[in-house]
Number of protein chains: 2
Amino acid sequence: MTAGRASVKDVALRAGVSVGTVSNVLNRPDAVTERTREKVEQAMAELNFHRNASARQLRAGVSHTVGVIVMDVGNPFYTELARGIEDRLATVDHTLILCSSDDDPVREERFLKLFAEQGVRGVLVTPMSSTAPRLGDLRRLGIPSVLMDSSRNTQHPSVGVDHISGGRQAITHLLAQGHRRILYLAGPSDLQQTRHRLRGAIEAIQAAGLDAGDVLQVTNLPSLSANEGQRGLIEALDGPGPRPTAIFAMNDIVALGAMRELRVRGLSIPSDMAVVGYDDLYFAAELMTPLSSVRQPMRQLGWAAADLLLTDQPHDLFEPELIVRASSDFAR
Amino acid sequence: MTAGRASVKDVALRAGVSVGTVSNVLNRPDAVTERTREKVEQAMAELNFHRNASARQLRAGVSHTVGVIVMDVGNPFYTELARGIEDRLATVDHTLILCSSDDDPVREERFLKLFAEQGVRGVLVTPMSSTAPRLGDLRRLGIPSVLMDSSRNTQHPSVGVDHISGGRQAITHLLAQGHRRILYLAGPSDLQQTRHRLRGAIEAIQAAGLDAGDVLQVTNLPSLSANEGQRGLIEALDGPGPRPTAIFAMNDIVALGAMRELRVRGLSIPSDMAVVGYDDLYFAAELMTPLSSVRQPMRQLGWAAADLLLTDQPHDLFEPELIVRASSDFAR
DNA sequence: ACGGAATCATGAATCGATTCATGGTACGCC
DNA sequence: GGCGTACCATGAATCGATTCATGATTCCGT
């Protein structure tokens, strides 16, 4: 067994055929006699042959991998999303490269550059504000892309969840519970999710005949971690103005941090402060106070994103659903 | 702007130099006159040039990506591990392909084959029982690999955590709390982690002068999800024999499922049943009953794994640490 | 048994970046 | 001014799989 990998040439030599025939066995088995094919296949087995993906792609010009950039792989929301993507890609024998931008444009750029160099089949991104122009560069290279978790957007193919509806559902619920002063622990204001949920919140408040400025207090967090959620809440509680009676958190991780701070201060949930999260992660129901949360169809979202990319379709939009638990409802 | 990508040839043409010079600008900038370099760099910018990774790797024979297979990307333990890996790889400008085997040998094989074809620089795996021989195939192709979360093992480079110690710490603690009948919600028995923690548990029991057979009851779960944890507990509680007074769970997700079932049955934690998990995931302290858990240095583990691969070293072993919370301690 | 069609196998050309032996150029020194 | 030495740029060869025009073989009917 020689060191290093065997090439088609080695296989051809051993099987006593030409390289073209080996390639045919690999790519169009029908165009080859049964006997020849068996000889070649045996030679491949004996040499432990693996086709060289670089050479293959260089010549063929097409790749079988898709690049995926999510905001934070540590957040189960995004890994579920990735699973949905992977499921769809597996149906056409493609694979994915999963990267985490960590909300950092530099990292995002690094990965997009990597994808361009790799010549991936396509790119799926949960976009940040700086994303769009770079995607144009990719398209010019012939690499299509789909935005994920972005609402319908005529500029670019995208899948998303109707976060306006999500925000509306959450706030409508909190208003119905009697809350009139609500803290929105939001993400960066340049995130579309942040803005859409805000819009939904405002719609809900206005629909109730109230003034959004009176009811809603917004704190934009630079990143969506538990620590940031806690810090954001501290800032809001220690700041001037009346204390809110309810929190609408950008996601369950942020809600987790906020609830931690509430516990530190001895504030009880939901009597002193109600909390509604977003994403409905698998542990939401098991937290110290079971967390109300706006559920997103994570896997479907991923599947749809990959599907759009592969079938070259423009948009897909899903509907979120509020799950009410004890953190925002006395009765539970 | 032509469709498709620009090649070194295009750049050379536009800059009025040869392709060799363009390559030099890319790979040995010092071997090129400042003036020439600037011309070339400008041409690259104008053409939106990205070097073709396939061609590059085909010729150079070395890859800058590392393949990583973890058991379950949905588990934050593994994403933290991946972050550690990525951090180390970034220091040498490498990237990783992250895959989830889902405990499925078929999936694992698919990914390893992919890695072989891609000619990755190396492979990092959280091994299952079927893993080892396939890694031999890879080595024959010149692809090194490192086992992750596997204790010291003379056969193969590996990083790991001393799970014997982890099991010992957990059980020693439970025994000290007075428990004499402990349910070990274990993983598949062919996982080294499963066996080592069992061994540690037995050591702890014997060190206390007790009989392991009397004290320990083991349920092997086929997979490590919350649902499986719940099902495993149901099975154990509904089975014959005395009811345990404490649970040692294979990881925090399993513990989550078990605690869910305890709640369904109205059993209180820790008075009716104490629980100790493993991994100390970020939400462990925020659960309905804060969960005691054996903490692992996830990032360091990942960093070390990548480091061993890059520097060609054999082993690295870390020490876990039990974090005691209310789920196993009245006093908290 | 022979011509012609159909079926297979062949191998040179190709993809794009890298390498390295070779050829030029510029500069310093006597 | 001529020669030698660094210093740079050159471009053909190379990596391995694929493609396709071409050549070889088989097989059929008559």
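Lettering of chains follows the sequences in order, A, B, ..., and the numbering in each one begins at 1. Everything numeric in this text was worked out from a predicted model, so none of it was measured.
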field: A:Arg5 CZ - D:dA17 C1' separation (whole Å)
entry: 13 Å
Distance in angstrom units between B:Glu34 CD and D:dC8 C1', rounded: 15 Å
message: Check whether B:Asn75 reaches the backbone of B:Asp72 with its side chain - one donor and one acceptor, N or O, closer than 3.5 Å.
response: no
message: Quick one: does any side-chain atom of B:Arg107 pair with a main-chain N or O of B:Ser100 as donor and acceptor, under 3.5 Å?
response: yes
task: Check every strand shown and say whether B:Val17 touches a base, only sugar-phosphate, or nothing at a heavy-atom separation below 4.0 Å.
output: sugar-phosphate
task: Round to a whole Å and report the spacing from CG of B:Leu13 to P of D:dA9.
output: 17 Å
query: Are the side chain of A:Gln42 and the backbone of A:Arg37 linked by a donor-acceptor contact shorter than 3.5 Å?
result: no
query: In terms of side-chain geometry, is the basic nitrogen of B:Arg51 or A:Glu117 positioned less than 4.0 Å from the acidic oxygen of its partner?
result: no
query: Can you tell which of C:dT10, C:dA17, C:dG16 lies closest to the side chain of A:Leu58?
result: C:dG16
field: Charged N-O contact under 4.0 Å between A:Asp102 and B:Arg83
entry: yes
query: When all nucleic acid strands are considered with a 4.0 Å heavy-atom cut-off, which category describes B:Ala31: base, sugar-phosphate, or nothing?
result: sugar-phosphate
query: Does A:Thr33 make a side-chain N or O approach to OP1 or OP2 of C:dA9 shorter than 4.0 Å?
result: yes
field: Crowding at CZ, A:Arg134 (>12 non-hydrogen neighbours, <6.0 Å)
entry: no
message: By nearest atom, which of the nucleotides C:dT18, D:dG11, D:dT18 is closest to the A:Leu26 side chain?
response: D:dT18
query: Any donor-acceptor pair under 3.5 Å linking the side chain of A:Asp307 with the backbone of A:Trp303?
result: no
Show the distances under 3.5 angstrom between N or O atoms of the protein and N or O atoms of nucleotides 21-26 of chain D.
none

- prompt: Do the side chain of A:Thr21 and the main chain of A:Val17 share a donor and acceptor less than 3.5 angstrom apart?
  reply: no
- prompt: Is the backbone of A:Asn24 close enough, under 3.5 Å, to the side chain of A:Asn27 for a donor and an acceptor to pair up by distance?
  reply: no
field: Backbone of B:Ile69 reached by a side-chain donor or acceptor of B:Ser101 within 3.5 Å
entry: no
message: Nearest heavy atom decides the nucleotide; on that basis, is B:Ala55 or B:Asp30 closer to the 5' end of DNA chain D?
response: B:Asp30
- request: Give a yes/no answer on whether the side chain of A:Ser54 brings an N or O atom under 4.0 Å of OP1 or OP2 in D:dC15.
  value: no
Protein-nucleotide distance (A:Leu47, atom CG; D:dA17, atom C1'), rounded to Å: 16 Å
- request: For residues B:Asp279 and B:Tyr78, determine if any side-chain heavy atom of one lies less than 4.5 Å from a side-chain heavy atom of the other.
  value: no
- line: In short, the helix from C:dA1-D:dT30 to C:dC30-D:dG1 is bent end to end, axes from five pairs each side, to 10°, by 40°
- request: Quickly work out the B:Gln118 CD to D:dC15 P distance and round it to whole Å.
  value: 21 Å
message: Whole angstroms only, please: what is the CD-P distance between B:Gln57 and D:dC15?
response: 16 Å
query: Is a side-chain N or O of A:Thr194 found less than 3.5 angstrom from the main chain of A:Pro188, in a donor-acceptor match?
result: yes
Please produce a list of atom pairs where a protein N or O lies less than 3.5 Å from an N or O of nucleotides 19-23 of chain C.
none

task: Compare side-chain N and O positions of B:Arg51 against OP1 and OP2 of C:dT18 and report whether any pair is under 4.0 Å apart.
output: yes
- prompt: What's the CZ-P distance between B:Arg35 and D:dA9, to the nearest Å?
  reply: 10 Å
query: Counting any heavy atom closer than 4.0 Å, what does A:Val22 reach on the DNA or RNA strands: base, sugar-phosphate only, or nothing?
result: nothing
Whole-Å distance separating the CG atom of B:Asp10 from the P atom of C:dG16: 8 Å
message: Side-chain N or O of B:Ser7 versus OP1/OP2 of C:dG16: is the shortest distance under 4.0 Å?
response: no
query: Taking the side chain from B:Arg88 and the backbone from B:Ala306, do they hold a donor-acceptor pair closer than 3.5 Å?
result: no
